[in-house]
Structure formats: structure tokens, C-alpha cells
Amino acid sequence: MFIIYFLTFLLVSNTMQAQINGGRNQGLDAKQQHIVPIATFTAKGDLPQLNQTLHKALDAGLTINEAKEVLVHLYAYCGFPRSLQGIKTLMAVVDARKTKGIIDKVGKGATPVSDSGSKYERGKKVLESLTGRPETSPKTGYAAFSPEIEIFLKEHLFADLFTRDIISYADREIATISALINLGGVEPMMQSHMGIALNIGITEAGLMQIISLIDAHGGKKEAEVAKQVLAIVINSRKK
């Protein structure tokens with residue numbers, strides 16, 4: 001089994017650039033490429049680099065609300081301290097640009113949710129659409145041990161956050177995976193979210209590009225771990 005994983009890992013490494021630059025699978029679009037470093041430096045708490053990254057993202061056409069939504073989304077994975085510091089950094093960037101006469105596009109807000117039903121059920125449906133699996137099995141693991149956290153996940157993360165349509169599900173998964181790679185020590189969750197990403201249309205080339213961008217932004221060690229996790233995900237889907 002180890003040999004299979006290792007060979008798949010080598011294949012991922014050797015074909016990464018070829019697939020990104022001209023393979024049949026498409027990578028990330030221009031906006032999504034900016035989400036990766038925003039999530040990377042937010043997770044690391046590297047505010048000077050985040051400041052520069054946000055300037056580049058806004059220059060490239062990311063709206064203020066899109067950048068802000070990425071930072072809001074990340075609190076579910078990095079915690080409020082990292083998210084709030086990121087939001088404060090965005091505020092400073094927007095103000096600094098205004099003083100230079102740069103008026104960035106605010107962008108659309110979230111569409112109000114019209115579903116008045118159970119938030120838990122709504123969140124469950126969102127999760128099912130992400131994983132492609134029905135949520136009908138008896139609760140196991142953390143969900144059985146701590147049912148309250150399972151409720152919070154369904155009602156808040158998936159019902160409250162994911163239904164905010166300022167950015168797409170794919171954008172949210174790109175931000176999530178980028179943050180998890182940089183947090184370190186959360187490989188099982190990283191593997192789960194890579195599987196979700198593939199399920200909702202992010203290609204293998206797109207996941208490889210996330211890893212490549214993190215490597216290019218100083219996360220060589222983190223990128224190497226992510227390559228190994230991606231190799232396991234790709235191999236498991238071939239069975």
C-alpha cells in the first residue's frame with residue numbers, strides 16, 4: 001500500500017506543472033488564484049504578507065466583499081483571532097487605497113435566505129451536495145461523542161456560511177484547503193476537503209495549483225505534506 005501511495009505521490013509531483021499549463025484539466029481561475037494566498041497568510045497570521053496579497057487581489061478585480069467573505073469564511077477553520085486580524089488588514093488596505101484615489105468595487109452582498117425551515121436540515125442538504133453522500137447513517141466519531149458540535153457544524157458552518165452566495169462553494173473549498181494546508185497537523189480534514197473539492201468540480205489540476213501556489217508563497221514544507229495527502233485522495237478515487 002505504501003508503494004502505491006509513494007508512486008502516486010511521484011506522479012502528482014512530476015505532472016503538476018504540465019497539467020496546470022496545458023493539460024486537459026483546467027486549474028483555478030484568476031480570482032481563485034488570489035484566494036489561495038489570502039487564505040495562506042490569514043491562516044499563518046502573516047499580516048504584512050496578507051496586506052500585500054490583498055492589494056494584488058483588489059488590483060486584479062476581486063471585490064471588497066469577495067475578499068471580506070473569504071476572511072469571514074476562514075474563521076470556521078482558523079478561529080476568530082486570525083479571521084478578525086485578516087478583516088482589520090483588509091480595512092486598512094481599502095482605506096490606504098482610498099487615500100491614493102483608488103476606489104475598489106464593493107461587489108454584491110449575500111442574497112437573503114428565504115427558507116424558513118430547520119437550519120439543521122438546510123445545513124445537512126448543503127453538506128450532502130458537497131460530499132455527494134446522503135447524511136442518513138448513525139452518528140459516529142466526534143458527531144456521536146459531541147452531538148452539539150455536529151449541530152453547530154450543520155446549522156452554522158453549512159447553513160449560515162455556505163449559503164452566503166458572495167463566493168461559490170468552490171471558492172470556499174479553495175480557501176478552506178489552503179488554510180488547512182498552512183495550519184498543519186490536520187491531514188484527515190485536508191483529505192476530506194480535497195475529496196469534496198473534486199466532488200464539486202475542482203479538478204486535480206486545480207488542487208495541484210493550490211499546492212503549487214502555497215509552495216511559491218514560502219510554504220514548501222506545507223506543500224510537500226499536501227502533495228502526499230492529494231496522492232492518497234487521487235489513489236482512493238481510482239479504486
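In what follows, every heavy atom counts, from backbone to side chain, and hydrogens, waters and symmetry copies are set aside.
Between Asn199 and Leu130 the shortest side-chain heavy-atom distance does not fall below 4.5 Å. Contact check for Asp160 versus Glu155: no side-chain heavy atoms found under the 4.5 Å cut-off. Within the 4.5 Å cutoff, the side chain of Val106 has no heavy atoms near those of the Thr63 side chain. Contact of the Val36 side chain with the Ile174 side chain is registered, since non-hydrogen atoms from C-beta on lie closer than 4.5 Å. Side-chain contact check for Tyr169 versus Val126: some heavy-atom pair is nearer than 4.5 Å. When side chains are defined from C-beta on, His34 does not count as touching Thr53, because their heavy atoms never get closer than 4.5 Å. Residues Glu222 and Lys44 have side chains in contact (heavy-atom distance under 4.5 Å, counting atoms from C-beta outward). Put simply, the side chain of Arg97 reaches to within 4.5 Å of the side chain of Asp59, judged on heavy atoms.
In this structure a side-chain-to-backbone donor-acceptor pair under 3.5 Å is present from Asp165 to Thr111. A side-chain donor-acceptor contact under 3.5 Å links Gln33 to the backbone of Leu28. Of the possible polar contacts, none joining the Arg122 side chain to the Thr163 backbone as a donor-acceptor pair under 3.5 Å is found. Not one N or O on the side chain of Glu173 forms a donor-acceptor pair closer than 3.5 Å with the backbone of Ala170. No donor-acceptor pair closer than 3.5 Å links the side chain of Asp46 to the backbone N or O of Phe41.
Side-chain heavy atoms closer than 4.5 Å link hydrophobic residues (I, L, V, M, F, W, Y) into clusters, and following such links, possibly through other members, connects Leu183 to Met189. Cluster membership check: Phe162 shares its hydrophobic cluster with Ile149, using side-chain heavy-atom separations under 4.5 Å among Ile, Leu, Val, Met, Phe, Trp and Tyr. Cluster annotation: Val93 and Ile102 are assigned to distinct hydrophobic clusters (Ile/Leu/Val/Met/Phe/Trp/Tyr, side-chain heavy-atom contacts under 4.5 Å, transitive). When hydrophobic clusters are built by joining Ile, Leu, Val, Met, Phe, Trp and Tyr residues whose side-chain heavy atoms come closer than 4.5 Å, directly or via intermediates, Tyr120 is not grouped with Leu161. Residue Leu74 is grouped with residue Phe80 when hydrophobic side chains (ILVMFWY) are merged at heavy-atom distances under 4.5 angstrom, including chains of intermediate members.
Smallest separation of non-hydrogen atoms from His217 and Pro37: NE2-CB, 3.8 Å. Across every non-hydrogen atom of Leu50 and Gly86, the tightest pair is CD2-CA, 3.7 Å. Here the shortest heavy-atom pairing between Leu58 and Val94 reads CD1-CG2, 4.4 Å. Here the shortest heavy-atom pairing between Gly107 and Asn65 reads O-ND2, 3.1 Å. Nearest heavy atom pair, residue Ala179 against residue Cys78, reads CB-SG, 4.0 Å. The nearest pair of heavy atoms linking Val72 to Ser83 is CA-OG, 4.0 Å.
For Lys105, the NZ atom is loosely surrounded, since the number of other residues' heavy atoms within 6.0 Å does not exceed 12. Counted within 6.0 Å of CZ on Phe152, heavy atoms from surrounding residues, nucleotides or ligands total 12 or fewer; the atom is thus considered open. Within 6.0 Å of the NZ atom in Lys68, the count of heavy atoms belonging to other residues, nucleotides or ligands does not exceed 12.
The distance from atom OH of Tyr142 to atom CG of Leu153, rounded to the nearest 0.5 Å, is 5.0 Å. The distance from atom CD of Gln209 to atom CD1 of Ile202, rounded to the nearest 0.5 Å, is 11.0 Å. Separation of atoms CG (Leu71) and CE (Met91) is listed at 12.0 Å; rounding is to 0.5 Å. One finds the CZ atom of Arg172 at 11.0 Å from the CD1 atom of Ile200 (value rounded to the nearest 0.5 Å). Distance check: Ile234 CD1 to Met194 CE gives 8.5 Å after rounding to the nearest 0.5 Å. Expressed to the nearest 0.5 Å, how far CG of Leu90 lies from OG1 of Thr42 amounts to 9.5 Å.
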task = Decide side chain to side chain contact (heavy atoms under 4.5 Å, CB included) for Val225 and Ile181; before the verdict, give the C-alpha distance in whole Å, the side-chain angles of both, and the deciding distance to 0.1 Å.
result = CA-CA 8 Å; Val225 173; Ile181 291 172; over 6 Å; no
Salt bridge (charged side-chain N to carboxylate O under 4.0 Å, His left out) assessment of Lys125 paired with Glu128 = CA-CA 5 Å; Lys125 289 178 183 177; Glu128 288 174 340; over 6 Å; no
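Glu224 and Lys221 are not joined by a salt bridge, as no carboxylate oxygen comes within less than 4.0 angstrom of a charged side-chain nitrogen.
Of the N and O atoms on the side chains of Asp215 and Ser212, not one donor lies less than 3.5 Å from an acceptor on the other residue. Donor-acceptor pairing under 3.5 Å is recorded for the side chains of Thr40 and Asn182.
Between Glu69 and the choices Arg164, Lys108, Lys31, the salt bridge (Lys or Arg N to Asp or Glu O under 4.0 Å) rule is met once, by Arg164.
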